[in-house]
Amino acid sequence: MPHNQFDKKSQAWSALFSEPMSDLVKRYTASVFFDKRLWQADIAGSLAHAEMLQAQSIISAADHASIQTGLALIAGEIEAGSFQWKLDLEDVHLNIEARLTQLVGDAGKRLHTGRSRNDQVATDVRLWLRGEIDLVLELLIELQKSLVDTAEQHVEVIMPGFTHLQVAQPVSFGHHLLAYVEMFARDAERLVDVRRRTNRLPLGAAALAGTSYPLDRERVASTLGMVDDQGQACVCQNSLDAVSDRDFAIEFSAAASICMVHISRFSEELILWMSQTFGFIRIADRFTTGSSIMPQKKNPDVPELARGKTGRVVGHLMGLLTLMKGQPLAYNKDNQEDKEPLFDTVDTLKDTLRIFSEMVGGQLNPASGVKEGGIGVHPEAMERAALRGYATATDLADYLVKKGLPFRDAHETVAHAVKAAIAHQVDLSELPLAVLQQFNPGIEKDVYQCLSLRGSLNERNTLGGTAPTQVRRQIQRHRLRLG
Ligand code: ARG
């Protein structure tokens with residue numbers, strides 16, 4: 001038996017093995033059909049590594065040039081779709097390296113000097129995720145801008161604010177939307193932070209213990225843009241940790257999950273608001289679907305799906321945490337399972353953010369040149385709902401406090417007034433002055449000012465409150481911040 005018989009089957013570690021891998025095991029262990037998505041990062045990492053190998057005189061200038069030429073050819077092939085991905089070659093790394101060697105011979109075999117797939121894959125995932133974080137950050141800015149635009153159009157629209165989903169106090173619809181801007185702004189902050197810890201270089205850790213070649217890891221980090229705000233190279237400082245931990249992926253998934261939870265809460269509200277029972281908004285037809293049996297139906301599928309997909313992103317976070325929890329140092333093959341959940345998290349988050357900015361902010365109609373909003377508002381329905389729920393009861397209590405009543409007593413007095421209003425099926429503001437005065441003789445005509453929805457809204461004029469002046473101030477702040 002010739003010692004290299006498995007070389008023909010493209011097994012990188014053939015000499016030691018006395019039988020080939022079964023087809024089932026090959027399929028079970030291969031990752032190329034999903035990790036080929038890392039190809040650009042893999043090539044970037046290899047180019048940086050090769051450049052450093054040459055600078056350190058570990059490979060010759062000629063080999064370096066061959067590697068550059070070969071990797072450029074491979075990039076072209078992958079882009080053109082002509083690259084032959086082989087299951088036999090297990091993963092993206094071995095596929096590209098084998099093709100490189102086929103193209104440029106021994107120089108290709110020298111590329112892996114001082115490197116292992118363990119530090120290679122950790123580097124690739126970090127590089128790839130860094131790029132994706134940047135895209136997600138842009139999308140988060142777009143979504144915030146859409147929300148701010150829509151909020152600005154509806155600063156004066158009054159809706160019932162809820163606690164326990166019971167009408168509580170009137171709020172500006174613009175103010176309500178800006179609550180989500182705050183959430184997405186924090187999501188962006190979290191991602192900026194995750195990016196910092198993702199952007200560190202594992203390469204040079206080799207298999208687990210470092211390498212005997214005189215590598216310049218800082219040089220590779222700088223080449224790959226893995227630098228901090230001061231331009232200092234960011235390199236993983238412990239080889240065992242570098243190849244084995246995936247906490248950056250877990251952190252990203254946690255940040256993505258929180259962001260999806262925010263989207264999901266917003267979705268839930270859109271779904272409620274669009275229902276006939278609320279009737280607060282309509283969602284443009286392009287974001288809804290009909291029913292195959294009930295002709296009258298228009299369903300808010302997009303928010304419903306987003307709410308559903310939140311479960312899947314949170315599930316991926318649980319998957320990654322569980323993947324990591326029992327692993328001893330250093331690299332274990334378990335880690336190959338980090339990719340699909342991470343990829344799906346990124347895809348789901350990006351699609352969701354994109355669709356929500358379009359739905360909230362509208363889309364430019366190229367025919368009319370006008371931005372057509374995806375969400376239409378029914379201000380009358382919102383006001384009607386606020387009036388039905390005695391939303392200004394707190395204002396009446398505050399009014400009595402200003403007349404000198406202790407708050408607890410005022411609270412009790414107003415409860416009686418609300419009871420009377422319910423009995424007469426009218427709003428508090430519709431009770432005649434004489435009736436109100438039965439509850440407290442100090443009540444005067446000016447009470448009607450604070451019993452009106454608008455009066456109540458204008459009163460809440462503290463920083464972060466719902467008074468239109470405050471809401472406009474916040475809109476200005478967001479505009480400055482978002483650029
Ligand atoms: N495909 C592997 C992964 O995703 C690459 C690293 C494999 N390393 C190893 N020693 N088998 O993790």
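Just so you know, ligand 1 is whichever comes first in the structure, and atom 1 is the first atom listed for that ligand.
- With sequence neighbours excluded, the residues forming a side chain to side chain donor-acceptor pair (under 3.5 Å) with E77 are R99, listed by chain and number.
- Of the candidates M52, H64, Q68, L47 forms a side-chain contact (heavy atoms from CB on, under 4.5 Å) with just one, namely Q68.
- Pairing each heavy atom of L353 with each of C259, the nearest pair is CD2-SG, 4.1 Å.
- Residue contacts with ligand 1: K339 is included, with a non-hydrogen atom under 4.0 Å away.
- Under 3.5 Å, the side chains of Q169 and R460 contain a donor-acceptor pair of N or O atoms.
- At least one N or O atom of D91, backbone or side chain, sits closer than 3.5 Å to an N or O atom of ligand 1.
- For atom 7 (C) of ligand 1, the closest non-hydrogen atom of the protein is Y331 OH, 3.5 Å.
- Under the 3.5 Å distance criterion, the side-chain polar atoms of H49 are left unmatched by any main-chain donor or acceptor of Q120.
- Close contacts of ligand 1 with S31, meaning ligand atoms under 4.0 Å from a residue heavy atom, involve 1 (N).
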Distance-only donor-acceptor pairs under 3.5 Å for side chains of residues 260-267, two or more places apart:
from : atom 1 : to   : atom 2 : distance (Å)
H262 : ND1    : D187 : OD1    : 3.2
H262 : ND1    : D187 : OD2    : 2.8
S267 : OG     : I263 : O      : 2.8
S267 : OG     : P303 : O      : 3.3

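- Residue, atom and distance of the protein heavy atom nearest to atom 11 (N) of ligand 1 are R117 NH2, 3.4 Å.
- Residue N335 places no N or O, backbone or side chain, under 3.5 Å from any N or O of ligand 1.
- The distance criterion of under 3.5 Å between nitrogen or oxygen atoms is met by Q336 with respect to ligand 1.
- In terms of N/O distances under 3.5 Å, ligand 1 is not approached by R246.
- In this structure, H176 and Y180 have tilted ring planes: the angle between them lies in the 30° to 60° band.
- Closest to atom 10 (N) of ligand 1 among all protein heavy atoms lies N118 OD1, 3.0 Å.
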